[in-house]
Protein chains: 2
Amino acid sequence: MSRKPEPKSYAETIHEKGFRFTDQRRAVYDALMNRRDHPTAVEVFMRVKGKVPSISLATVYNCLETLTGCGLVKTVNHDRESARYCPNLDEHAHLFCEGCGGVTDIPLRAKRRAHDIWELPEEVTISHHEISFRGLCPKCAKAAARKTTKSK
Amino acid sequence: MSRKPEPKSYAETIHEKGFRFTDQRRAVYDALMNRRDHPTAVEVFMRVKGKVPSISLATVYNCLETLTGCGLVKTVNHDRESARYCPNLDEHAHLFCEGCGGVTDIPLRAKRRAHDIWELPEEVTISHHEISFRGLCPKCAKAAARKTTKSK
DNA sequence: GGCATATCAAGAATAATTCTAAATAAAGCA
DNA sequence: TGCTTTATTTAGAATTATTCTTGATATGCC
């Protein structure tokens, strides 16, 4: 298949790690970058089918794993729901809305370190952390407030 | 079966919610409280079998759900691993050790509020949050440090 | 004790993800 | 360019944790 030149950044990142930048991997990566939301593997699969009709769900899982392994994408877990994937590499938490089911990125306030917030023993080494909130996103919270006001 | 008097606190909590405090539920609750660690449902099942040999895994799941519904136990999730259950009701995070596989409770430093740490939009309502760290617990971190020192 | 309801046990069913094996595609080299 | 080696993809089977279903038990209340 034909190849357009890619912005070096991520194509190179993949190559540096010893992986090939295939059409499938690009399509999966683009599916995330174009929307910058938090789709599940199945949702990515549906988006990608348009571009690479022959792609299989297993390949989507493979690609997502490769991309996370390269540090280009993050996995987002919440309770026992399907894993979601996030292209935002900045430090942030996630808010899972109980109203609309959406996921919102919540940035960390500047200069907060885990040790300032949590009583982490000195010795521990943190390789990864994940913070998730469940509640109502701004939109749903406002809608709920309106409803309550009216009914009273 | 025979019943010893229970400390009112949790037996009552269960009754208040309209549930019966059965032998199975007590055994599951005790399995958590006696060790105060973070077992999976299967681990709870194994512990409980000694006390209630006829118990089934499905019942352990049911009991754990009832107990969490009553606010006596918390569910702890990490990546896509099996859910774990935690009897510590204080505000805390969890450290999942990549060395020994153990889970450590990490208390919140006094008086930190989520809004101080995260750029949460004013309107949002948080009903629940979960913080998990992955890394090396103090014991494993020390062991790793020793090893590195020796080999150099 | 007898009735209504809650709970339990066993195994089937489900859902997300991973694994397997064969087919395809790409990269490296003659 | 053609050949070889290796990586990747595909489709479907397998796995794993959890939930659901159904009939059997146990409990609380009159």
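Lettering follows sequence order; numbering is per chain, from 1.
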Under 3.5 Å, which N/O atoms of the protein pair with N/O atoms of nucleotides 4-6 of chain C?
unit_1, atom_1, unit_2, atom_2, d
C/dA6, O4', B/Arg20, NH1, 3.3
C/dA6, O4', B/Arg20, NH2, 3.1

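The side chain to side chain contact (heavy atoms under 4.5 Å, CB included) check on A/Ile117 picks up A/Arg112, B/Leu108, B/Ile117, with sequence neighbours excluded. Residues meeting the ring pair (Phe, Tyr, Trp, His ring centres under 6.0 Å) test with A/Tyr29, sequence neighbours left out: A/Tyr10. Under the side chain to side chain contact (heavy atoms under 4.5 Å, CB included) criterion, A/Pro138 pairs with B/Pro121, B/Glu123, B/Val124, sequence neighbours left out. In this structure B/Ala58 satisfies the side chain to side chain contact (heavy atoms under 4.5 Å, CB included) test together with B/Ser56, sequence neighbours excluded. By the salt bridge (Lys or Arg N to Asp or Glu O under 4.0 Å) test, A/Glu98 pairs with A/Arg134, sequence neighbours left out. Qualifying ring pair (Phe, Tyr, Trp, His ring centres under 6.0 Å) partners for A/His94, counting only residues two or more places apart in sequence or in other chains: A/His38, A/His92.
At a threshold of 4.0 Å, the pair B/Lys74-B/Glu130 does not count as salt-bridged, since none of the basic side-chain nitrogens sits closer than that to a carboxylate oxygen.
For A/Phe21 and D/dA7, the CZ to C1' distance is 16 Å, given to the nearest whole Å. When rounded to the nearest whole Å, the span between CZ of A/Phe45 and C1' of D/dT9 equals 13 Å. Rounded to whole angstrom, the span from the CD atom of B/Glu43 across to the P atom of D/dT16 amounts to 16 Å. Residue A/Lys49 contributes atom NZ, which lies 17 Å from atom P of D/dT9 at whole-angstrom precision. Rounded to whole Å, atom C1' of D/dT18 lies 14 Å from atom CG of A/Asp79. When the P atom of C/dA9 is taken as reference, atom CD1 of B/Ile55 falls 6 Å away, rounded to whole Å.
In this structure the side chain of B/Tyr85 never reaches within 4.5 angstrom of the side chain of B/Val76, judged on heavy atoms.
Picking from C/dC8, D/dT27, D/dT10 the nucleotide with the shortest atom distance to the side chain of B/Asp23 gives D/dT27.
Hydrophobic cluster of B/Leu136: no remaining members, since no ILVMFWY side chain lies below 4.5 Å from it.
OP1 or OP2 of D/dT10 lies within a sub-4.0 Å distance of a side-chain N or O belonging to A/Thr59. A close approach under 4.0 Å does not occur between any side-chain nitrogen or oxygen of A/Gln24 and OP1 or OP2 of C/dA25. Here B/Thr22 does not reach the OP1 or OP2 of C/dT7: none of its side-chain N or O atoms lies under 4.0 Å away.
In the helix from C/dG1-D/dC30 to C/dA30-D/dT1, the rotation axis of the first five pairs and that of the last five pairs differ in direction by 30°, rounded to 10 degrees.
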Which parts of nucleotides 12-24 of chain C does protein reach within less than 4.0 Å, heavy atoms only, written one letter per nucleotide 5' to 3' as B for base, S for sugar-phosphate only and - for none? ----SSBB-----
For a quick test of your reading: what N or O donor-acceptor pairs under 3.5 Å do the side chains of residues 45-53 of chain B make, sequence neighbours left out?
unit_1, atom_1, unit_2, atom_2, d
B/Arg47, NH1, B/Ala31, O, 3.0
B/Arg47, NH1, B/Asp37, OD1, 3.1
B/Arg47, NH2, B/Asp37, OD1, 3.3
B/Arg47, NH2, B/Asp37, OD2, 2.6

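Within the structure, ring pair (Phe, Tyr, Trp, His ring centres under 6.0 Å) pairs that include any residue of residues 55-80 of chain B comprise B/His78-B/Phe96 (at least two apart or interchain).
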